[in-house]
Amino acid sequence: MSRTYVITGAASGIGAATAQLLGERGHRVVGVDLRNADVNVDLTTAEGREWMVTEVAAATDGRIDAIIANAGLASPTAATVAVNYFGAVATLEGLRPLLAGSSAPRAVATASMASLYPPDDALLEALLAGDESAALARGAELEASAPEMANLIYGTTKRALARWIRRNAPTPGWAGAGIPLNAIGPGVVATPMTADLTATAEARDALLQMVPMPLNGIFEPRDVAYLLAWLTSEENAHLCGQVVFIDGGSDAIIRGDSTW
């Protein structure tokens, strides 16, 4: 049976690979991105997020089957704060009412294995409080700081998103409405976002020292697409609030037994 999916960040990388896979399987995909998508919108702004919901509702007659909140940035900037956390949360919350007519509603967000690294506590606190003004201000402070501080932005936003998923997935609005809400935590994927980090053998080796991936190393977006497709399929009826790490072993190495 054909299903209707909304994918943010659909113009490249993981989003594009997932849209292609789902299309090959006969499903309808409404892609959202800054450009070159069905809905072109800037998710760094509240206005853009509201417009995205309006446009998706119009394009789908107000009924969808799954949300893949995948849009994100990896730059050490305040814009990353706006998209990775507030854009993702607004996507999930804003489109959730459109899932009401589906017999098998599903939702998933793209977090990252970078969520395992120590965060910036001030930024994390502002994000989890839902205080976008404070979070953007702290993001701007980090952006203007030394690189080792600015580089905390990405992982902190992904940690906050993973924690939002954990907190909200079991609630009446999600689990109580029969909607499995989960996230994925990719390792290093060969996308435009990571192109500069993987351009040479030396760069790749240095990256894999920081992000250990003993199982098959750096991989292609299509591999992530298969996981996203399953998480948003009718087959996944019981996963709730899980962050599924598809990372070649990084989580197992970094956290070891700590999850138990």
Side-chain angles (χ1 to χ4, degrees), residues 3-25 27-96 98 107-112 114 132 135-136 139-140 143 150 153-154 157-158 161 183-184 186 188-199 219-229 232:
R3 289 163 57 80
T4 298
Y5 293 76
V6 179
I7 303 177
T8 64
S12 66
I14 292 170
T18 306
Q20 180 178 15
L21 175 64
L22 292 171
E24 290 170 1
R25 293 180 175 180
H27 301 298
R28 181 189 180 192
V29 176
V30 178
V32 178
D33 213 310
L34 191 59
R35 58 185 67 87
N36 301 322
D38 300 301
V39 177
N40 297 311
V41 68
D42 184 357
L43 293 176
T44 65
T45 69
E47 296 78 13
R49 299 162 199 158
E50 292 172 2
W51 179 248
M52 180 267 296
V53 173
T54 299
E55 289 295 291
V56 169
T60 61
D61 294 326
R63 183 193 176 283
I64 63 176
D65 295 289
I67 306 164
I68 300 177
N70 170 72
L73 295 172
S75 61
T77 64
T80 294
V81 174
V83 174
N84 288 12
Y85 184 79
F86 294 102
V89 170
T91 296
L92 292 165
E93 290 283 25
L95 296 179
R96 182 180 60 177
L98 306 187
V108 64
T110 299
S112 171
E132 187 163 4
L136 290 175
E143 182 179 347
I153 293 174
Y154 178 74
T157 62
K158 294 300 189 178
L161 179 58
I184 62 167
V188 182
V189 184
T191 69
M193 185 181 291
T194 62
D196 291 342
L197 299 174
T198 59
F219 51 96
E220 295 297 319
R222 181 86 170 194
D223 297 313
V224 186
Y226 289 125
L227 176 58
L228 287 170
T232 51

Looking at every non-hydrogen atom in both residues, tell me the closest pair between D33 and S12 and how far apart they are.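 Shortest heavy-atom separation between D33 and S12 comes out as OD2-N, 4.3 Å.
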Minimal non-hydrogen separation, P221 against A17, with atom names: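 Closest heavy-atom pair between P221 and A17: CB-CB, 3.6 Å.
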Using atom types as modelled and distance alone, determine if a side-chain donor or acceptor of T232 lies under 3.5 Å from a backbone N or O of A107.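 A pair under 3.5 Å: no.
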Would you say [X] and [Y] make side-chain contact, with heavy atoms under 4.5 Å?
X	Y	result
D65	Y5	no
V6	V39	no
R28	T60	yes
L95	M52	yes

Out of V189, T191, T18, which residue meets the side chain to side chain contact (heavy atoms under 4.5 Å, CB included) rule with V224?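 Only match with V224 under side chain to side chain contact (heavy atoms under 4.5 Å, CB included): V189.
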Quick one: which of I67, V56, V53 gives a side chain to side chain contact (heavy atoms under 4.5 Å, CB included) with T91?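 Option passing the side chain to side chain contact (heavy atoms under 4.5 Å, CB included) with T91: I67.
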With sequence neighbours excluded, what pairs up with D42 under the side chain to side chain contact (heavy atoms under 4.5 Å, CB included) test?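 For D42 the side chain to side chain contact (heavy atoms under 4.5 Å, CB included) partners, ignoring immediate neighbours, are L34, T44, T45.
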Using the test side chain to side chain contact (heavy atoms under 4.5 Å, CB included), find all partners of A90 that sit at least two apart in sequence or belong to another chain.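 Side chain to side chain contact (heavy atoms under 4.5 Å, CB included) list for A90, sorted by chain: R49.
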With side chain to side chain contact (heavy atoms under 4.5 Å, CB included) as the criterion, how do I153 and T77 come out once you've worked through the C-alpha distance, each side chain's angles and the decisive distance to 0.1 Å? CA-CA 7 Å; I153 293 174; T77 64; 5.6 Å; no
Run the side chain to side chain contact (heavy atoms under 4.5 Å, CB included) check on L161 and N84 step by step: do they pass? CA-CA 8 Å; L161 179 58; N84 288 12; over 6 Å; no
Rounded to the nearest 0.5 Å, how far apart are OG1 of T157 and CG of L73?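 Answer rounded to 0.5 Å: 9.0 Å.
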